[in-house]
Amino acid sequence: MDKLSITGGRALSGRLRVSGAKNSALPILAGTLLTDEPVIIANAPHLHDVTTMIELLGTLGADVVIDEKLNVEVCAAQLVSHTAPYELVKTMRASFLVLGPLVAKFGEAQVSLPGGCAIGSRPVDQHIKGLQVLGADVLVEDGYVKASAPDGLVGGDVYMDLVTVGGTENLMMAASLAKGTTRLQNCAREPEVVDLGNFLNTLGAKVSGHGTSTIEIEGVERLHGGQHRIMADRVEAGTYLIAAAATRGSVKLVDVEPDTLGAVLEKLQQAGADVQTGDDWISLDMHGQRPRAVDVETSPYPGFPTDMQAQFMAMNTIAEGTASIRENIFENRFMHVQEMNRLGADIELHGHSMAVVHGVEELHAAPVMATDLRASSSLVIAALVADGNTVIDRIYHIDRGYETIEEKLQQLGGAVARIS
Ligand code: UD1
């Protein structure tokens, strides 16, 4: 099993291109099921999760080709199955996003329940409730969600009890082919939801209000083919910025969308970073200074993202002062704390959702283990700061969401190698 070997103590510096967004690519690839015509997706990142989604589309019978420019071309004209099997859904929860498109287009779908997940129970009740409002019969049986709407879905008013990114996306896709108009309320406003809405409109859907808490979708009879470029990955960008801040470095990221990183850039400035932005670039310079501790509380967009909580905690471990970190989105997203304490951090946990980080002068290398995707990148940041050589085990978690992380860190001067 691959591991990362990191020798800490070097300030990251240099220029880096940010990849396409995983969390945008996954729903958009699922959305290609809504049309019989070919769809071309550009800027999809090369990640395990994207491969899993492509494999799922292939299992359903879609034709998927990756061209010489690394565009992903999908044609879902002749599906052979409407079932997303347990083996694929269990490895990636986002597989559940094929439910809405399948039931809208084919009148039936069986998708395995995602089941337990390392970062909490993560139910799908809002997805199911929404599809029922749109007229689907939904049965949860034998570990599968079985939805049917033989005469097609019908638009309706859906109020989501909580803000869910995947729920909003599944229902947007389903409503695109429903008869009549759907109004989704209490929607997620994440940039990836906006990217999906723009993608659907490229195929001829009539989605409006994406990026606000109320999205209206006027159903159309069919969608056509088209071409879409995936937005930049704001979590990847944020992770490298935080890594640069923690190591007292100076980086410039290009092909990035600064507007999608508002809360994160503000927190980095509070930590003492000199942050500059342009249309598609962000630069960060610590001028060699140690970061200051900053409190973080996660909330849905435009609040501080849960996907960057662990990385900020890593920076706080060596910051000047004490910071509190409150996790409000997931119930069990502090698994990195124990591992960071093995590196010499001083973090106290107060229940499942609150941690207090007392900044220490330095961390020291130790063997650690990656537990989930974002927790893994936080261990990479801690290892980049720690004195000595840290080996991080189980980095398959990192490969789910960070394209060639060791190469990108090497490009910034990090002493990082993949070993087996
Ligand atoms: C997406 C992102 C993930 C990010 C998360 C929150 C993708 C592929 N993944 O995950 O990286 O951490 O948003 O920003 O885009 N919930 C329910 N019922 C539901 C649906 C969700 O109770 O029907 C709860 C979840 O358990 C969780 C919270 O709502 O506590 C937010 O989940 P959600 O926004 O749906 O996350 P995902 O779409 O799975």
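For ligands, and for the atoms within them, numbers begin at 1 and follow the listed sequence.
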Taking only heavy atoms of H127 into account, list the atoms of ligand 1 that are under 4.0 Å away from them. 23 (O)
Neighbour count above 12 (heavy atom, 6.0 Å) for R15 CZ: no
What I want to check is whether the side chains of R333 and T306 have a donor and an acceptor closer together than 3.5 Å. yes
K105 and T35: which non-hydrogen atoms are nearest, and at how many Å? NZ-C, 4.1 Å
Sidechain N-carboxylate O distance under 4.0 Å for K22, E236: no
So which bit of I128 gets within less than 4.0 Å of ligand 1, heavy atoms only: side chain, backbone, both or neither? neither
Answer side chain, backbone, both or neither: which part of D307 comes under 4.0 Å from ligand 1, heavy atoms only. side chain
For D125 and ligand 1, does the shortest N/O to N/O distance drop below 3.5 Å? yes
Considering L162, N328, D161 one by one, which has a heavy atom nearer to atom 16 (N) of ligand 1 than any of the others? L162
Less than 3.5 Å between some nitrogen or oxygen of L26 and one of ligand 1, yes or no? no
Please state which part of R333 comes within less than 4.0 Å of ligand 1, counting heavy atoms only: side chain, backbone, both or neither. side chain
May I ask you to list the atoms of ligand 1 that are less than 4.0 angstrom from any heavy atom of V124? 19 (C), 23 (O)
E169-ligand 1 polar pair, N/O distance under 3.5 Å: no
Donor on one side chain, acceptor on other, Q276 and D274, under 3.5 Å: yes
Looking at ligand 1, is there an atom of it that comes within less than 4.0 Å of some heavy atom belonging to A188? no
Select one of side chain, backbone, both or neither to describe which atoms of R93 lie under 4.0 Å from any atom of ligand 1, heavy atoms only. side chain
Taking the six-membered ring for Trp, are the ring centroids of Y86 and Y144 within less than 6.0 Å of each other? no
The residue among L196, V193, N201 that forms side-chain contact (heavy atoms from CB on, under 4.5 Å) with V207 is N201
A94-ligand 1 polar pair, N/O distance under 3.5 Å: no
As an exercise, identify every atom of ligand 1 less than 4.0 angstrom from a heavy atom of G166. 35 (O), 38 (O)
So for T306 against ligand 1, with non-hydrogen atoms under 4.0 Å, the contacting part is side chain
Ring centres of F96 and H127 under 6.0 Å apart? yes
Do E192 and R234 sit within salt-bridge range, that is, some charged N less than 4.0 Å from a carboxylate O? yes
Numbered atoms of ligand 1 (with element) below 4.0 Å of Q126, judged on heavy atoms: 18 (N), 19 (C), 23 (O)
Is there a side-chain contact between P85 and Q110 in this structure, where contact means two heavy atoms from C-beta onward sitting under 4.5 Å apart? no
